[in-house]
Amino acid sequence: MADDSIAVVDLDRCQPDRCNYECANYCPPNRTGKECITTREERHGDDAYEGDPDQISISEDICLGESCGICVVKCPFDAIEIINLPQELEDEPVHRYGENAFSLYGLPAPQDGQVTGILGPNGIGKTTAVHILADEFTPNLGDPNAEPDWDAVIDEYRGTELQSYLEDVQAGDVTVARKPQYVDRIPNQFDGNTRQLLESVDERDVVDDLVDRLSIRQVIDQSIDTLSGGELQRVALAATLARDADFYFLDEITPYLDIGQRVTAARLIRELAEEGDRSMLVVEHDLAVLDLLADSLNVAYGEPGAFGVITPPKSTRQGINQYLSGYLENENMRIRPEAIEFERHAPRSSHRGETLAEYPDLTMSYGEDEFTLDVEAGEILKNEVLGIVGPNGIGKSTFAKLLTDRLEPTEGEIDTKLDISYKPQYVDIDQPMRVDAFLASITDQFGSSYWETEIANPLQLGRIMEQNLTDLSGGERQRVAIAACLSKDADLYLLDEPSAHLDVEQRVLATRAIRRYTENHDATAMVIDHDIYMIDLLSDRLMVFDGEPAVRGETSPPVGMREGMNRFLSNLDITFRRDQRTSRPRINKPGSQLDREQKNAGEYYYA
Ligand code: ADP
Ligand code: ADP
Ligand code: SF4
């Protein structure tokens with residue numbers, strides 16, 4: 001028996017009425033008469049169990065472990081995972097949802113006056129950990145049949161950073177405010193305008209100030225269901241920070257925000273922690289922002305959906321560096337085969353490819369006294385990934401639409417209109433349809449080995465193909481939308497904020513998929529994104545937009561990475577230094593010696 005392995009059965013996938021129990025029929029212990037795989041009813045009789053009586057139960061005592069894995073292959077619905085837990089993992093789970101269900105090892109440690117970050121993939125147990133820290137349920141220490149008991153949990157954490165926090169939780173002394181991950185869903189839960197929402201939670205009498213600092217005054221009387229994603233994100237932040245709580249949990253603060261807004265959000269969170277002796281716990285996948293925001297960091301790793309491990313706190317710098325390197329030193333754990341690396345120097349000045357499109361000077365006005373965009377003539381090269389940066393509301397999407405048939409400029413004329421495949425910022429694919437049917441309706445290449453290698457595999461679509469679009473998480477929906485965009489035939493692939501809701505691993509995979517696709521298909525991509533690391537890893541050249549959001553925007557022709565980053569970051573007044581060990585760019589403290597030196601030298605990024 002492999003006592004360090006777990007068996008996980010996904011009850012949403014296990015469909016015994018549609019198979020012949022191939023798992024049990026082929027399971028070697030079963031074939032020798034043991035009850036390794038049984039139905040839940042056979043195992044438990046009339047006792048309470050989760051799932052249907054006919055769904056399977058796997059005995060982890062009898063199972064031979066991952067090296068066997070026969071049932072995993074035999075199950076037609078991918079419902080089974082057999083996983084050898086890392087040997088280094090000495091602890092017992094803090095919680096297991098049920099028999100053959102997800103287990104969580106370790107908890108993050110919120111600390112008074114500090115911002116604690118969690119860094120790790122989606123589906124690894126971060127939300128579960130927060131439910132526990134918010135006393136929404138008492139963890140069962142890995143035994144789903146045990147009566148949950150806080151005393152036993154506190155015993156388990158005696159002498160660690162968590163002990164006093166958990167004692168406060170047990171005593172009912174911790175109040176919690178949380179910002180949900182998917183702000184797009186807020187309009188379904190709240191009926192009213194921004195002012196009504198914010199006033200209903202203004203326990204600290206700070207809403208007025210937050211509204212100004214987050215620049216949401218202009219939407220204060222607007223109904224919540226008319227706000228854009230970026231506005232909703234800022235309203236949700238204001239609503240959370242206005243509460244008077246001991247423990248704040250913020251699940252992703254950056255989606256749909258531009259860099260300036262991200263930095264403001266980070267400052268507000270830090271200020272509240274410091275001034276009020278409150279604990280802040282933040283899940284964030286934009287590493288430059290996480291670096292700026294967190295005092296310490298818990299890394300989360302494991303097998304999404306099967307088990308997750310949350311490490312004890314590390315310094316933010318070490319946590320991010322180790323995460324990127326793929327190796328957690330204190331835990332002696334490899335979490336990824338290779339490191340994610342940044343170039344210290346800008347890529348050599350752009351490749352001189354053929355020209356895909358030239359455009360002359362253009363002006364676009366939406367009407368008198370409405371937004372105006374001025375574009376200086378330029379060209380887009382075949383086969384390049386053009387990064388597009390600039391604040392929200394500055395005309396980036398307007399420019400993209402000018403390149404298509406969808407918008408005519410007020411002044412100037414584009415000769416050749418391009419056929420563009422577009423992934424919008426707010427992914428809207430909520431149809432009652434399965435992922436495979438949706439993608440098959442877009443390309444007749446669907447299912448070909450070429451399509452699998454170039455698109456489905458890099459974007460990890462395998463496990464979600466049979467799910468309904470309406471049941472997908474934000475990150476899953478994003479990956480399907482990127483796949484849909486790249487699957488069309490087009491002159492130009494335009495992706496607006498592909499990083500939103502992707503975790504760090506998925507950002508890296510999506511970056512590779514987009515790069516590889518352009519390289520292998522003579523395709524050209526324009527990518528609008530606010531995650532500076534993603535832009536750095538993805539782009540050959542940059543197009544920088546500047547001006548006054550919602551009033552006027554301007555842009556000059558695409559330039560090389562060094563010039564583009566300098567232009568973009570000088571507009572924002574932000575410089576980056578290099579981490580000495582890994583060359584990872586890190587935001588400089590405003591006014592620090594390096595910040596001043598780099599500004600004087602005009603080197604904002606590739607210093
Ligand atoms: P994260 O916040 O890191 O994305 P979650 O804590 O939400 O992860 O979920 C971790 C895993 O636990 C997921 O695979 C999820 O399906 C599973 N899970 C969450 N809630 C339950 C539950 N009530 N019963 C069984 N499994 C659950
Ligand atoms: P970005 O992509 O940089 O966020 P957009 O190009 O979407 O910016 O928008 C720039 C400005 O133009 C915004 O203030 C937006 O409200 C305004 N705008 C966009 N489309 C229209 C339209 N059809 N009519 C009037 N104003 C518009
Ligand atoms: Fe049976 Fe375990 Fe092998 Fe699956 S992995 S077939 S449960 S022994």
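Start at 1 and go down the list; that is how both ligands and their atoms are numbered.
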So is Arg336 actually on top of Tyr301's ring, under 6.0 Å and inside 45° of the axis? no
For Thr127, the atoms of ligand 1 under 4.0 Å from one of its heavy atoms are 1 (P), 2 (O), 5 (P), 6 (O), 7 (O)
Return the residue, atom name and 0.1 Å-rounded distance of the protein heavy atom closest to atom 2 (O) of ligand 2. Ser397 OG, 2.6 Å
Just which atoms of ligand 2 are under 4.0 Å from any heavy atom in Glu370? 25 (C), 26 (N)
Polar atom proximity, Ala306 to ligand 1 (N or O, under 3.5 Å): no
For ligand 2, which atoms, with element, lie under 4.0 Å from some heavy atom of Lys396? 1 (P), 2 (O), 3 (O), 4 (O), 6 (O), 8 (O)
What's the shortest distance from atom 18 (N) of ligand 1 to any protein heavy atom, and which residue and atom give it? Tyr97 CE1, 3.3 Å
Approximate separation, where rounding is to 0.5 Å, of Arg43 CZ and Asn100 CG: 8.0 Å
Using a strict 4.0 Å threshold on nitrogen-to-oxygen distance, state whether Glu331 and Lys314 make a salt bridge. yes
Between Asp374 and Thr363, is there a side-chain donor-acceptor contact under 3.5 Å, judged purely by atom types and distance? yes
What I'd like to find out is whether the side chain of Val263 reaches to under 4.5 Å of the side chain of Leu572, using heavy atoms alone. no
Atom indices of ligand 2, in the order listed, that fall short of 4.0 Å to a heavy atom of Ile394: 1 (P), 3 (O), 8 (O)
Is ligand 2 under 4.0 Å from a heavy atom in the side chain of Pro391, in the backbone, in both, or in neither? backbone
My understanding is that only one of Asn298, Thr311, Leu324, Leu287 makes a side-chain contact (heavy atoms from CB on, under 4.5 Å) with Leu119; could you say which? Leu287
Under 4.0 Å from one or more heavy atoms of Asn392, ligand 2 contributes atoms 4 (O)
For Phe102 and ligand 1, does the shortest N/O to N/O distance drop below 3.5 Å? no
So is Ala101 touching ligand 1 or not, going by heavy atoms under 4.0 Å? no
Take the angle between the ring planes of Phe102 and Tyr97 and call it parallel below 30°, perpendicular above 60°, tilted in between. tilted
Do other residues, nucleotides or ligands put more than 12 heavy atoms under 6.0 Å from Gln189 CD? yes
Contact check, side chains of Asp251 and Val130, non-hydrogen atoms, under 4.5 Å: no
Would you say Glu50 and ligand 1 have an N/O pair spaced under 3.5 Å apart? no
Would you please indicate yes or no on a ring centroid separation below 6.0 angstrom for Tyr165 and Tyr157? no
For atom 13 (C) of ligand 1, which of Ala300, Gly98, Gly123 has the closest heavy atom? Gly123
Regarding ligand 1, does Lys126 bring an N or O atom to under 3.5 Å of one of the ligand's N or O atoms? yes
Taking only non-hydrogen atoms of Asn122 and a 4.0 Å limit, the atoms of ligand 1 in range are 4 (O)
Establish whether atom 15 (C) of ligand 2 and some protein heavy atom are separated by less than 4.0 angstrom. no
Which of the numbered atoms in ligand 1 are below 4.0 angstrom from a heavy atom of Thr128? 5 (P), 6 (O), 9 (O)
For residues Tyr49 and Glu99, determine if any side-chain heavy atom of one lies less than 4.5 Å from a side-chain heavy atom of the other. no
Distance col, row Glu252:CD vs Leu257:CG, nearest 0.5 angstrom, shows 11.0 Å
Identify which of Gly395, Ala400, Gly553 has a heavy atom lying nearest to atom 8 (O) of ligand 2. Gly395
Parallel, tilted or perpendicular: which fits the ring planes of His131 and Phe137, with parallel below 30° and perpendicular above 60°? tilted
Just verifying a value: how many Å separate Glu42 CD and Ile37 CD1, rounded to the nearest 0.5 Å? 11.5 Å
What atoms in ligand 1 come closer than 4.0 Å to a heavy atom of Ile124? 1 (P), 3 (O), 8 (O)
Between Asn122 and His501, is any side-chain donor less than 3.5 angstrom from a side-chain acceptor? no
How are the rings of Phe399 and Tyr359 set to each other: parallel, tilted or perpendicular (split at 30° and 60°)? perpendicular
Per-ligand residue contacts, ligand 3, heavy-atom threshold under 4.0 Å: Cys27, Pro28, Pro29, Cys36, Ile37, Ile58, Cys63, Leu64, Gly65, Cys68, Gly69, Ile70, Cys71, Ile82
Please list the nearest protein heavy atom to atom 23 (N) of ligand 2 with its residue and the distance rounded to 0.1 Å. Tyr366 CE2, 3.5 Å
For atom 9 (O) of ligand 2, the closest protein heavy atom turns out to be Thr398 OG1, 3.9 Å
Can you sort out which atoms of ligand 1 are near Gly305, meaning under 4.0 Å from one of its heavy atoms? 14 (O)
Apply side-chain hydrogen bond (donor to acceptor under 3.5 Å, both in side chains) to the pair Ser59 and Glu35, showing each step before the final yes or no. CA-CA 8 Å; Ser59 161; Glu35 295 192 327; over 6 Å; no
Please list the nearest protein heavy atom to atom 11 (C) of ligand 2 with its residue and the distance rounded to 0.1 Å. Phe371 CG, 3.3 Å
